[in-house]
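The structure appears below as structure tokens.
Sequence lines set the chain letters: A, B, ... in the order given, protein chains first and strands last, and positions in each chain run from 1. In what follows, every heavy atom counts, from backbone to side chain, and hydrogens, waters and symmetry copies are set aside. The structure presented is a predicted model; accordingly, all values stated were derived computationally and were not measured.
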Number of protein chains: 2
Amino acid sequence: MNPAECSVRAALNIIGGKWKPVIIYYLMEGTRRFGELRKEMPDATQKMLTQQLRELERDGIVARKVHQVVPPKVEYSLTPYGRTLRPVMRELCKWGEKHMAGKR
Amino acid sequence: MNPAECSVRAALNIIGGKWKPVIIYYLMEGTRRFGELRKEMPDATQKMLTQQLRELERDGIVARKVHQVVPPKVEYSLTPYGRTLRPVMRELCKWGEKHMAGKR
DNA sequence: ACAAGTAGGCACTATTTTGTGCCCTAGTCC
DNA sequence: GGACTAGGGCACAAAATAGTGCCTACTTGT
């Protein structure tokens, strides 16, 4: 397996989850609280959201900031590293739109 | 789910298989016979290769050309539509390379 | 007569990914 | 002292994906 192909796979490992692109998409717009993400993507279960966020955190894409306050408050945002995904997401998105438009 | 996020998911549905990006990658270089692909990606089982090729064909990304000759000969290539994936793959690949380089 | 090479098909199993349901914490409001 | 809040954990069940093994048809070489 040559380097070019496995680099594509590496990228897909990061953004390839069912909800990860959606999370990244929202976080590209700005910081979100956990509950906000849940409202924005009601089809993702809480567990899935948590799980995918953890993975993205582990991979250095999102930052998780816990405010030690009374009702817990946790904010998620893209790390600088995560922001380097922007061009990738843009291409993916552009292609996806064209694809959906020309739907047979 | 807004249109931007679901377009990303639509794109991922096409190129998101375990072997699809690899297949697309090789076909971007040129037409391949089934057996050639097998040799280039020995970790994919024959079944997986066939399956993923069928899906890519169904989605209009690859063309399958059967030559009615004695030992069967089947050639796969990207359709013009498949070639529109080039920029997407390039970004994905660029990001993936940087990602692997900066591996912690 | 028989093995090899090509491009698969089909049934079944294994692995991975998603989803469900139920539980916790610690203040605070009533 | 019960309910509610926001974020999350854990065990398990279901579904999607991937992998294995064995089978076909046709022809050429031995």
Just call it for [X]: base, sugar-phosphate, or nothing, with non-hydrogen atoms closer than 4.0 Å on any strand.
{"X": "A:Q46", "answer": "base"}
{"X": "B:Q52", "answer": "sugar-phosphate"}
{"X": "A:E36", "answer": "nothing"}
{"X": "B:R38", "answer": "nothing"}

Roughly, in whole Å, what's the span from [atom1] in [X] to [atom2] in [N]?
{"X": "B:K18", "N": "C:dT17", "atom1": "NZ", "atom2": "P", "answer": "9 Å"}
{"X": "A:K65", "N": "D:dA6", "atom1": "NZ", "atom2": "C1'", "answer": "18 Å"}
{"X": "B:K20", "N": "D:dA16", "atom1": "NZ", "atom2": "P", "answer": "15 Å"}
{"X": "B:L49", "N": "D:dT17", "atom1": "CG", "atom2": "C1'", "answer": "16 Å"}
{"X": "A:L37", "N": "D:dG8", "atom1": "CG", "atom2": "P", "answer": "10 Å"}
{"X": "B:F34", "N": "C:dG5", "atom1": "CZ", "atom2": "P", "answer": "16 Å"}
{"X": "B:H67", "N": "D:dT27", "atom1": "NE2", "atom2": "P", "answer": "18 Å"}
{"X": "B:W19", "N": "D:dA18", "atom1": "CH2", "atom2": "P", "answer": "9 Å"}

Checking contacts here: which listed nucleotide ([options]) is nearest the side-chain heavy atoms of [X]?
{"X": "B:R33", "options": "D:dG8, D:dA6, C:dA7", "answer": "C:dA7"}
{"X": "B:K47", "options": "C:dT6, C:dG8, C:dC12", "answer": "C:dC12"}
{"X": "A:V74", "options": "C:dT18, C:dG8, D:dG7", "answer": "D:dG7"}
{"X": "A:Q51", "options": "C:dT20, C:dT18, C:dT6", "answer": "C:dT18"}
{"X": "A:P72", "options": "D:dG7, C:dG19, D:dA18", "answer": "D:dG7"}

Quiz item: Have A:Y76 and A:R32 got a donor and an acceptor in their side chains that come within less than 3.5 Å?
Solution: no
Self-check item: Closest contact, heavy atoms only, A:M28 versus A:R86
Solution: O-NH2, 3.3 Å
Practice problem: Search all heavy atoms of A:P21 against all heavy atoms of B:V8 and return the closest pair with its distance. | Solution: CB-CG1, 3.5 Å
Quiz item: For C:dA7, does either OP1 or OP2 sit under 4.0 Å from a side-chain N or O belonging to B:R54?
Solution: no
Self-check item: Short side-chain N/O contact from A:Y76 to OP1 or OP2 of D:dA6, under 4.0 Å
Solution: no
Quiz item: Do you reckon A:V74 sits in the same ILVMFWY cluster as A:V69, going by side-chain contacts under 4.5 Å, direct or chained?
Solution: no
Quiz prompt | B:K39 bridged to B:E36 by N-O distance under 4.0 Å | solution = no
